[in-house]
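Predicted, not measured: the structure shown is a model, and the values here were computed from it. These values consider heavy atoms only, across backbone and side chains, with no hydrogens, waters or symmetry-generated copies. Residue indices begin at 1 and follow the sequence shown.
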Amino acid sequence: MRNVAFDLFYTLVAAFFYVVALPLLILFSFKKKYRDSIPARFFGIKNPPFQPHDIWFHVCSLGEAKAIAPIIEKLKNKKIAISVITHTGYEAASKYGAQVRYLPYEIWLWFWIERPKTVVVLEAEFWYLLFRLARTRGARVVALNARISDRSFPKYYRMRWFYRILLSQCERIFCQSSEDMARFIALGARNVEVVGNIKLSQKIEATAHYPKPQGTIIVAASTHEGEEEGIIRGFVAYREHNPSAKLLVVPRHPERFAKVGELIVKTAPMMSASRWSESQTLDTDITLIDAMGELNNLYAISDVAILGGAYEPIGGHNPLEPATFGCKVITGEQIFLQRELFKYVSHVQFTSLEGITEALKNAESMPPSQINGSVDLQKVLNYLTEK
(Lines give C-alpha, C1' and ligand atoms only; values in the text may rest on other atoms or scores of the structure.)
Protein backbone atom coordinates (compact mmCIF):
# COMPACT_ATOMS: atom_id res chain seq x y z
CA MET A 1 0.00 0.00 0.00
CA ARG A 2 2.90 2.32 0.85
CA ASN A 3 4.45 1.77 -2.59
CA VAL A 4 1.14 2.47 -4.33
CA ALA A 5 0.77 5.73 -2.39
CA PHE A 6 4.29 6.77 -3.43
CA ASP A 7 3.55 5.82 -7.05
CA LEU A 8 0.50 8.09 -7.05
CA PHE A 9 2.38 10.92 -5.34
CA TYR A 10 5.23 10.64 -7.85
CA THR A 11 2.76 10.66 -10.75
CA LEU A 12 1.06 13.80 -9.43
CA VAL A 13 4.40 15.60 -9.13
CA ALA A 14 5.36 14.49 -12.65
CA ALA A 15 1.97 15.67 -13.94
CA PHE A 16 2.50 19.07 -12.31
CA PHE A 17 5.84 19.52 -14.09
CA TYR A 18 4.22 18.36 -17.34
CA VAL A 19 1.54 21.07 -17.13
CA VAL A 20 4.13 23.72 -16.25
CA ALA A 21 6.35 22.71 -19.19
CA LEU A 22 3.49 22.35 -21.68
CA PRO A 23 3.96 25.74 -23.44
CA LEU A 24 7.68 25.05 -23.91
CA LEU A 25 6.99 21.52 -25.15
CA ILE A 26 4.61 22.88 -27.78
CA LEU A 27 7.14 25.52 -28.81
CA PHE A 28 10.07 23.09 -29.02
CA SER A 29 8.03 20.55 -30.98
CA PHE A 30 8.33 22.87 -34.00
CA LYS A 31 12.13 22.73 -33.93
CA LYS A 32 13.66 20.28 -36.39
CA LYS A 33 15.68 18.53 -33.69
CA TYR A 34 12.56 17.65 -31.66
CA ARG A 35 9.96 17.41 -34.42
CA ASP A 36 9.55 13.67 -33.96
CA SER A 37 10.58 13.03 -30.36
CA ILE A 38 8.50 15.60 -28.47
CA PRO A 39 5.14 14.81 -30.18
CA ALA A 40 5.81 11.10 -29.66
CA ARG A 41 7.06 11.26 -26.07
CA PHE A 42 4.79 13.93 -24.62
CA PHE A 43 1.65 13.75 -26.76
CA GLY A 44 1.57 10.12 -27.91
CA ILE A 45 1.59 10.97 -31.61
CA LYS A 46 2.61 8.00 -33.81
CA ASN A 47 3.95 6.20 -30.76
CA PRO A 48 1.76 3.17 -29.96
CA PRO A 49 2.67 0.57 -27.30
CA PHE A 50 4.90 -2.31 -28.32
CA GLN A 51 3.43 -5.43 -29.86
CA PRO A 52 4.29 -8.64 -27.91
CA HIS A 53 8.05 -9.10 -27.60
CA ASP A 54 10.66 -11.03 -25.58
CA ILE A 55 13.19 -8.38 -24.53
CA TRP A 56 12.72 -4.61 -24.36
CA PHE A 57 15.88 -2.47 -24.37
CA HIS A 58 15.62 1.14 -23.28
CA VAL A 59 18.43 3.42 -24.44
CA CYS A 60 18.82 7.17 -24.46
CA SER A 61 20.57 8.27 -27.61
CA LEU A 62 23.00 7.34 -30.36
CA GLY A 63 25.84 5.99 -28.21
CA GLU A 64 23.70 3.57 -26.21
CA ALA A 65 21.74 2.49 -29.28
CA LYS A 66 25.00 1.56 -31.00
CA ALA A 67 26.35 -0.14 -27.86
CA ILE A 68 23.65 -2.83 -27.80
CA ALA A 69 24.44 -4.01 -31.34
CA PRO A 70 26.66 -6.97 -30.30
CA ILE A 71 23.99 -8.16 -27.85
CA ILE A 72 21.11 -7.90 -30.31
CA GLU A 73 23.19 -9.74 -32.90
CA LYS A 74 23.36 -12.74 -30.54
CA LEU A 75 19.63 -12.61 -29.74
CA LYS A 76 18.40 -13.29 -33.26
CA ASN A 77 15.84 -15.81 -32.05
CA LYS A 78 14.23 -13.24 -29.74
CA LYS A 79 11.62 -10.60 -30.53
CA ILE A 80 13.30 -7.31 -29.64
CA ALA A 81 11.76 -3.96 -28.76
CA ILE A 82 13.77 -0.77 -28.26
CA SER A 83 12.69 2.54 -26.74
CA VAL A 84 14.75 5.71 -27.09
CA ILE A 85 14.77 9.35 -26.03
CA THR A 86 16.42 11.16 -28.96
CA HIS A 87 15.99 11.27 -32.72
CA THR A 88 19.56 10.09 -33.34
CA GLY A 89 18.92 7.16 -31.00
CA TYR A 90 15.75 6.34 -32.94
CA GLU A 91 17.61 6.30 -36.25
CA ALA A 92 20.35 4.02 -34.89
CA ALA A 93 17.87 1.63 -33.23
CA SER A 94 15.79 1.40 -36.41
CA LYS A 95 18.66 -0.44 -38.14
CA TYR A 96 18.20 -3.55 -35.98
CA GLY A 97 14.92 -4.80 -37.41
CA ALA A 98 13.31 -4.39 -33.98
CA GLN A 99 10.19 -2.55 -32.88
CA VAL A 100 11.33 0.99 -32.06
CA ARG A 101 9.42 3.61 -30.08
CA TYR A 102 10.13 6.83 -28.21
CA LEU A 103 9.79 6.32 -24.46
CA PRO A 104 6.72 8.29 -23.35
CA TYR A 105 6.95 10.82 -20.55
CA GLU A 106 6.45 9.01 -17.27
CA ILE A 107 2.81 9.88 -16.58
CA TRP A 108 1.81 8.21 -19.87
CA LEU A 109 3.61 4.97 -18.99
CA TRP A 110 0.60 3.95 -16.87
CA PHE A 111 -1.35 3.54 -20.13
CA TRP A 112 1.53 2.57 -22.42
CA ILE A 113 3.35 -0.31 -20.67
CA GLU A 114 1.44 -3.57 -21.05
CA ARG A 115 2.97 -6.90 -19.98
CA PRO A 116 6.69 -6.96 -20.87
CA LYS A 117 8.83 -9.99 -20.07
CA THR A 118 12.33 -8.52 -19.65
CA VAL A 119 13.20 -4.83 -19.63
CA VAL A 120 16.88 -3.89 -20.01
CA VAL A 121 17.71 -0.28 -19.15
CA LEU A 122 21.05 1.12 -20.35
CA GLU A 123 23.52 3.20 -18.35
CA ALA A 124 21.85 5.92 -16.24
CA GLU A 125 18.29 5.94 -17.62
CA PHE A 126 16.71 5.77 -14.17
CA TRP A 127 13.03 6.56 -14.77
CA TYR A 128 11.08 5.58 -11.66
CA LEU A 129 7.75 4.70 -13.29
CA LEU A 130 9.49 2.76 -16.06
CA PHE A 131 11.14 0.54 -13.45
CA ARG A 132 8.14 0.34 -11.17
CA LEU A 133 5.41 -0.32 -13.73
CA ALA A 134 7.49 -2.81 -15.71
CA ARG A 135 8.19 -4.75 -12.51
CA THR A 136 4.61 -4.70 -11.21
CA ARG A 137 3.36 -5.87 -14.61
CA GLY A 138 5.53 -8.95 -14.55
CA ALA A 139 8.85 -8.00 -16.14
CA ARG A 140 12.37 -8.72 -15.00
CA VAL A 141 14.04 -5.30 -14.85
CA VAL A 142 17.77 -5.29 -15.60
CA ALA A 143 20.18 -2.36 -15.50
CA LEU A 144 22.94 -2.92 -18.06
CA ASN A 145 26.19 -0.99 -18.46
CA ALA A 146 25.00 0.84 -15.38
CA ARG A 147 27.06 3.77 -14.18
CA ILE A 148 27.03 6.67 -11.76
CA SER A 149 29.57 9.37 -12.57
CA ASP A 150 31.84 11.10 -10.06
CA ARG A 151 29.89 14.27 -10.68
CA SER A 152 26.44 12.70 -10.21
CA PHE A 153 27.05 10.49 -7.18
CA PRO A 154 26.83 13.23 -4.50
CA LYS A 155 23.41 14.25 -5.88
CA TYR A 156 22.27 10.63 -6.00
CA TYR A 157 23.48 10.04 -2.46
CA ARG A 158 21.54 13.01 -1.09
CA MET A 159 18.45 11.39 -2.64
CA ARG A 160 19.41 7.85 -1.65
CA TRP A 161 16.00 7.22 -0.05
CA PHE A 162 14.48 7.67 -3.52
CA TYR A 163 17.09 5.62 -5.39
CA ARG A 164 16.74 2.81 -2.83
CA ILE A 165 13.08 2.54 -3.84
CA LEU A 166 13.86 2.79 -7.56
CA LEU A 167 16.76 0.33 -7.57
CA SER A 168 14.78 -2.19 -5.52
CA GLN A 169 12.77 -2.78 -8.69
CA CYS A 170 15.91 -4.12 -10.43
CA GLU A 171 16.39 -7.87 -10.43
CA ARG A 172 20.00 -7.50 -11.58
CA ILE A 173 22.43 -4.60 -12.09
CA PHE A 174 25.34 -5.21 -14.47
CA CYS A 175 27.64 -2.24 -13.96
CA GLN A 176 30.71 -0.91 -15.71
CA SER A 177 33.29 -0.83 -12.91
CA SER A 178 33.98 -1.64 -9.28
CA GLU A 179 33.58 2.07 -8.47
CA ASP A 180 30.08 1.99 -9.97
CA MET A 181 29.25 -1.16 -8.02
CA ALA A 182 30.28 0.50 -4.74
CA ARG A 183 28.10 3.50 -5.53
CA PHE A 184 25.05 1.40 -6.36
CA ILE A 185 25.47 -0.58 -3.14
CA ALA A 186 25.76 2.69 -1.19
CA LEU A 187 22.38 3.66 -2.66
CA GLY A 188 20.85 0.42 -1.39
CA ALA A 189 20.99 -1.67 -4.56
CA ARG A 190 21.23 -5.47 -4.45
CA ASN A 191 22.34 -8.10 -6.96
CA VAL A 192 25.04 -5.85 -8.39
CA GLU A 193 27.98 -7.22 -10.35
CA VAL A 194 30.71 -5.85 -12.60
CA VAL A 195 30.81 -7.03 -16.22
CA GLY A 196 32.74 -4.11 -17.70
CA ASN A 197 31.69 -1.59 -20.30
CA ILE A 198 29.74 -3.22 -23.13
CA LYS A 199 30.95 -0.51 -25.50
CA LEU A 200 34.23 -2.43 -25.59
CA SER A 201 32.44 -5.13 -27.57
CA GLN A 202 31.20 -2.75 -30.26
CA LYS A 203 32.18 -3.42 -33.84
CA ILE A 204 33.73 -0.14 -34.93
CA GLU A 205 34.34 0.19 -38.65
CA ALA A 206 34.26 2.67 -41.50
CA THR A 207 31.26 2.60 -43.81
CA ALA A 208 32.99 4.50 -46.64
CA HIS A 209 36.61 4.87 -47.67
CA TYR A 210 37.99 8.26 -48.65
CA PRO A 211 41.46 9.08 -49.99
CA LYS A 212 43.72 10.57 -47.32
CA PRO A 213 44.77 14.15 -48.17
CA GLN A 214 48.42 15.20 -47.97
CA GLY A 215 49.66 16.51 -44.65
CA THR A 216 48.63 15.96 -41.04
CA ILE A 217 44.86 15.43 -40.80
CA ILE A 218 43.22 16.58 -37.57
CA VAL A 219 39.55 15.88 -36.89
CA ALA A 220 37.71 17.93 -34.27
CA ALA A 221 35.05 15.37 -33.42
CA SER A 222 31.63 15.79 -31.79
CA THR A 223 32.24 19.39 -30.80
CA HIS A 224 29.77 21.46 -28.79
CA GLU A 225 28.90 25.12 -28.29
CA GLY A 226 31.88 26.96 -26.81
CA GLU A 227 34.48 24.47 -28.07
CA GLU A 228 34.96 25.11 -31.79
CA GLU A 229 36.44 28.59 -31.52
CA GLY A 230 39.20 27.50 -29.13
CA ILE A 231 39.98 24.44 -31.26
CA ILE A 232 40.19 26.50 -34.45
CA ARG A 233 42.43 29.09 -32.78
CA GLY A 234 44.68 26.31 -31.53
CA PHE A 235 44.85 24.85 -35.03
CA VAL A 236 45.67 28.25 -36.60
CA ALA A 237 48.61 28.62 -34.20
CA TYR A 238 49.74 25.05 -34.89
CA ARG A 239 49.74 25.72 -38.63
CA GLU A 240 52.68 28.08 -38.16
CA HIS A 241 54.61 24.98 -37.01
CA ASN A 242 53.07 22.56 -39.52
CA PRO A 243 51.83 24.43 -42.64
CA SER A 244 50.49 21.29 -44.37
CA ALA A 245 48.05 20.35 -41.55
CA LYS A 246 44.31 20.28 -42.29
CA LEU A 247 41.38 20.48 -39.85
CA LEU A 248 38.04 18.69 -40.19
CA VAL A 249 35.35 20.10 -37.87
CA VAL A 250 32.46 17.75 -37.02
CA PRO A 251 29.83 19.41 -34.76
CA ARG A 252 27.88 17.03 -32.55
CA HIS A 253 24.47 18.47 -33.41
CA PRO A 254 23.37 19.08 -37.02
CA GLU A 255 21.30 22.15 -36.15
CA ARG A 256 24.61 23.94 -35.40
CA PHE A 257 26.20 23.32 -38.81
CA ALA A 258 25.43 26.79 -40.19
CA LYS A 259 26.59 28.57 -37.05
CA VAL A 260 29.87 26.64 -36.95
CA GLY A 261 30.42 27.37 -40.64
CA GLU A 262 30.18 31.10 -39.91
CA LEU A 263 32.49 30.69 -36.92
CA ILE A 264 35.18 29.03 -39.06
CA VAL A 265 35.20 31.94 -41.52
CA LYS A 266 35.25 34.49 -38.70
CA THR A 267 37.97 32.81 -36.62
CA ALA A 268 40.29 31.75 -39.46
CA PRO A 269 39.70 34.26 -42.32
CA MET A 270 43.24 33.72 -43.62
CA MET A 271 42.57 30.03 -44.36
CA SER A 272 40.62 28.32 -47.12
CA ALA A 273 37.42 26.67 -45.91
CA SER A 274 34.73 24.47 -47.41
CA ARG A 275 31.63 22.50 -46.48
CA TRP A 276 31.54 18.75 -47.01
CA SER A 277 27.96 18.85 -48.28
CA GLU A 278 29.01 21.13 -51.12
CA SER A 279 32.42 19.77 -52.13
CA GLN A 280 32.66 16.15 -50.89
CA THR A 281 36.42 16.79 -50.72
CA LEU A 282 38.93 17.54 -47.95
CA ASP A 283 41.30 19.76 -49.91
CA THR A 284 40.88 23.05 -48.02
CA ASP A 285 42.67 24.10 -44.83
CA ILE A 286 39.48 23.66 -42.79
CA THR A 287 36.49 21.53 -43.80
CA LEU A 288 33.15 21.67 -42.01
CA ILE A 289 31.67 18.17 -42.01
CA ASP A 290 27.99 19.11 -42.18
CA ALA A 291 26.72 15.53 -42.44
CA MET A 292 25.86 12.74 -40.04
CA GLY A 293 27.41 9.28 -39.88
CA GLU A 294 30.85 10.22 -41.20
CA LEU A 295 32.99 10.21 -38.05
CA ASN A 296 34.40 6.70 -38.32
CA ASN A 297 35.15 7.29 -42.00
CA LEU A 298 37.10 10.42 -41.05
CA TYR A 299 38.91 8.77 -38.13
CA ALA A 300 40.13 6.17 -40.64
CA ILE A 301 42.08 8.85 -42.57
CA SER A 302 43.02 11.16 -39.67
CA ASP A 303 46.23 11.36 -37.69
CA VAL A 304 44.88 13.22 -34.66
CA ALA A 305 41.41 13.40 -33.10
CA ILE A 306 40.47 16.32 -30.86
CA LEU A 307 37.50 14.81 -29.06
CA GLY A 308 34.84 17.34 -28.08
CA GLY A 309 32.31 17.31 -25.30
CA ALA A 310 35.03 17.59 -22.65
CA TYR A 311 35.99 21.27 -22.88
CA GLU A 312 32.53 22.18 -21.66
CA PRO A 313 30.69 20.30 -18.84
CA ILE A 314 29.19 17.76 -21.26
CA GLY A 315 30.96 14.66 -19.93
CA GLY A 316 33.08 13.69 -22.94
CA HIS A 317 32.51 11.34 -25.86
CA ASN A 318 33.49 7.78 -26.73
CA PRO A 319 37.30 7.54 -27.19
CA LEU A 320 37.16 3.95 -28.49
CA GLU A 321 36.15 5.06 -31.98
CA PRO A 322 39.19 7.25 -32.77
CA ALA A 323 41.50 4.83 -30.93
CA THR A 324 40.26 1.93 -33.08
CA PHE A 325 41.68 3.72 -36.12
CA GLY A 326 44.94 4.67 -34.40
CA CYS A 327 44.21 8.38 -34.10
CA LYS A 328 46.24 10.21 -31.48
CA VAL A 329 43.55 11.43 -29.07
CA ILE A 330 43.43 14.90 -27.52
CA THR A 331 40.50 15.87 -25.31
CA GLY A 332 39.46 18.07 -22.41
CA GLU A 333 39.36 17.21 -18.73
CA GLN A 334 35.58 17.05 -18.28
CA ILE A 335 35.18 13.38 -19.23
CA PHE A 336 33.05 12.44 -16.23
CA LEU A 337 30.56 10.39 -18.32
CA GLN A 338 33.29 8.53 -20.21
CA ARG A 339 35.94 8.08 -17.52
CA GLU A 340 35.59 4.29 -17.53
CA LEU A 341 36.16 4.07 -21.31
CA PHE A 342 39.23 6.29 -21.14
CA LYS A 343 40.81 3.75 -18.79
CA TYR A 344 41.10 1.40 -21.75
CA VAL A 345 42.69 3.89 -24.17
CA SER A 346 46.41 4.60 -24.07
CA HIS A 347 48.33 7.68 -25.21
CA VAL A 348 45.59 10.27 -24.60
CA GLN A 349 46.42 13.92 -23.94
CA PHE A 350 44.08 15.86 -21.64
CA THR A 351 44.31 19.59 -22.11
CA SER A 352 42.48 22.92 -21.98
CA LEU A 353 41.44 24.77 -25.13
CA GLU A 354 44.44 27.05 -24.61
CA GLY A 355 46.73 24.01 -24.59
CA ILE A 356 45.60 22.51 -27.91
CA THR A 357 48.45 24.00 -29.95
CA GLU A 358 51.05 22.46 -27.68
CA ALA A 359 49.16 19.15 -27.57
CA LEU A 360 49.16 19.01 -31.37
CA LYS A 361 52.93 19.54 -31.37
CA ASN A 362 53.37 16.81 -28.74
CA ALA A 363 51.24 14.42 -30.79
CA GLU A 364 53.88 14.38 -33.51
CA SER A 365 56.22 12.36 -31.31
CA MET A 366 53.58 10.20 -29.60
CA PRO A 367 52.53 6.69 -30.68
CA PRO A 368 48.98 6.21 -31.95
CA SER A 369 46.28 5.70 -29.31
CA GLN A 370 45.19 2.10 -28.84
CA ILE A 371 42.60 0.10 -26.93
CA ASN A 372 43.71 -2.22 -24.13
CA GLY A 373 40.82 -4.24 -22.77
CA SER A 374 37.76 -6.29 -23.59
CA VAL A 375 34.45 -7.35 -22.09
CA ASP A 376 32.81 -10.77 -21.95
CA LEU A 377 29.12 -10.47 -22.79
CA GLN A 378 28.37 -14.12 -22.16
CA LYS A 379 27.25 -13.59 -18.56
CA VAL A 380 24.76 -10.96 -19.72
CA LEU A 381 23.52 -13.09 -22.60
CA ASN A 382 23.09 -16.13 -20.35
CA TYR A 383 21.01 -14.06 -17.95
CA LEU A 384 18.84 -12.50 -20.66
CA THR A 385 18.07 -15.86 -22.26
CA GLU A 386 17.15 -17.61 -19.01
CA LYS A 387 13.61 -18.90 -19.01
Side-chain angles (χ1 to χ4, degrees), residues 33 59-69 84-89 91-92 122-125 145 147 149-152 176-177 197-206 218-228 230-232 234 247-257 260 288-300 302 304-353 356 359 363 369-371 373:
K33 179 179 179 180
V59 303
C60 178
S61 58
L62 178 64
E64 294 82 18
K66 289 166 65 177
I68 61 175
V84 302
I85 298 293
T86 69
H87 178 65
T88 55
E91 288 185 333
L122 268 287
E123 300 210 356
E125 285 291 289
N145 220 39
R147 60 171 173 80
S149 69
D150 298 344
R151 184 183 176 127
S152 299
Q176 296 184 14
S177 68
N197 196 314
I198 66 168
K199 290 181 179 178
L200 285 168
S201 64
Q202 279 182 264
K203 187 177 182 181
I204 299 171
E205 58 187 3
I218 303 159
V219 56
S222 295
T223 56
H224 291 254
E225 183 84 33
E227 296 184 324
E228 289 96 359
I231 292 172
I232 295 166
L247 178 66
L248 318 178
V249 182
V250 190
R252 177 71 171 181
H253 299 115
E255 66 271 16
R256 298 188 58 247
F257 287 160
V260 175
L288 171 65
I289 309 298
D290 51 349
M292 300 294 287
E294 293 289 352
L295 254 183
N296 284 348
N297 303 331
L298 299 175
Y299 287 143
S302 296
V304 180
I306 302 174
L307 202 53
Y311 296 101
E312 292 291 323
I314 309 297
H317 290 302
N318 187 347
L320 302 180
E321 293 173 348
T324 295
F325 296 98
C327 293
K328 301 173 184 182
V329 177
I330 299 170
T331 194
E333 296 178 349
Q334 302 198 56
I335 58 164
F336 48 87
L337 295 182
Q338 304 292 339
R339 196 173 303 281
E340 181 64 20
L341 286 183
F342 274 96
K343 292 179 183 178
Y344 302 105
V345 179
S346 59
H347 313 307
V348 177
Q349 293 186 78
F350 298 97
T351 182
S352 63
L353 287 173
I356 283 177
S369 298
Q370 60 185 31
I371 300 170

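When atom types are taken as modelled, the side chain of Glu227 and the backbone of Ala310 share a donor-acceptor pair closer than 3.5 angstrom. With hydrogens and angles ignored, the 3.5 Å screen pairs a side-chain donor or acceptor of Asn145 with a backbone N or O of Ile198. Judged by distance alone, with hydrogens and angles left aside, the side-chain atoms of Thr223 form no donor-acceptor pair with the main-chain N or O of Glu228 at under 3.5 Å. Between the side chain of Ser369 and the backbone N or O of Val329 there is at least one donor-acceptor pair closer than 3.5 Å.
Rounded to the nearest 0.5 Å, atoms CD (Gln338) and OG (Ser149) are 10.5 Å apart. The line from NE2 of His253 to CE of Met292 is 8.0 Å long, rounded to the nearest 0.5 Å. To the nearest 0.5 Å, the span separating CG on Leu307 from CD on Gln349 amounts to 13.0 Å. To the nearest 0.5 Å, atoms CD1 (Ile356) and OG1 (Thr331) are separated by 9.0 Å. Taken from CG in Leu122 to CD1 in Ile68, the straight-line distance is 6.0 Å, to the nearest 0.5 Å. Going from atom CD of Gln334 over to atom CZ of Arg339 covers 10.0 Å, rounded to the nearest 0.5 Å.
When every heavy atom of Ile289 is checked against every heavy atom of Phe257, the shortest pair comes out as O-CE2, 3.8 Å. Nearest heavy atoms, Ala305 versus Tyr299: CB-CE2, 3.9 Å. The shortest non-hydrogen separation linking Ser302 to Leu298 is OG-O, 2.7 Å. Closest of all the heavy-atom pairs between Pro251 and Val260 is CG-CG2, 3.9 Å.
Partners of Ser61 by side chain to side chain contact (heavy atoms under 4.5 Å, CB included), not counting sequence neighbours, listed by chain and number: Glu64, Thr86, Thr88. In this structure, Asn296 has no side-chain hydrogen bond (donor to acceptor under 3.5 Å, both in side chains) partners at least two apart in sequence or on a different chain. Under the side chain to side chain contact (heavy atoms under 4.5 Å, CB included) criterion, Ala291 pairs with Trp276, Glu294, not counting sequence neighbours. Under the rule for a side chain to side chain contact (heavy atoms under 4.5 Å, CB included), the partners of Glu91 that lie at least two apart in sequence or sit in another chain are His87. Listed by chain and residue number, Phe350 satisfy the side chain to side chain contact (heavy atoms under 4.5 Å, CB included) test with Glu333 (two or more places apart in sequence, or in another chain).
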**Report entry** Residues Val59, Glu123; criterion side chain to side chain contact (heavy atoms under 4.5 Å, CB included); working and verdict
**Finding:** CA-CA 8 Å; Val59 303; Glu123 300 210 356; over 6 Å; no

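Counting heavy atoms from C-beta on, the side chains of Tyr311 and Thr351 come closer than 4.5 Å. When side chains are defined from C-beta on, Glu205 does not count as touching Thr324, because their heavy atoms never get closer than 4.5 Å. Inter-residue side-chain proximity for Phe325 and Val219 is flagged as unmet; no heavy-atom pair is nearer than 4.5 Å. The closest side-chain heavy-atom distance from Ser177 to Asn197 is not below 4.5 Å. Proximity of Ile218 to Ile231: side-chain heavy atoms (C-beta onward) are nowhere separated by under 4.5 Å.
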Scan the side chains in residues 314-321 for donor-acceptor partners under 3.5 Å anywhere in the protein, sequence neighbours excluded, and list what turns up.
from   : atom 1 : to     : atom 2 : distance (Å)
His317 : NE2    : His224 : NE2    : 2.7
Asn318 : OD1    : Leu320 : N      : 2.8
Glu321 : OE2    : Lys66  : NZ     : 2.9

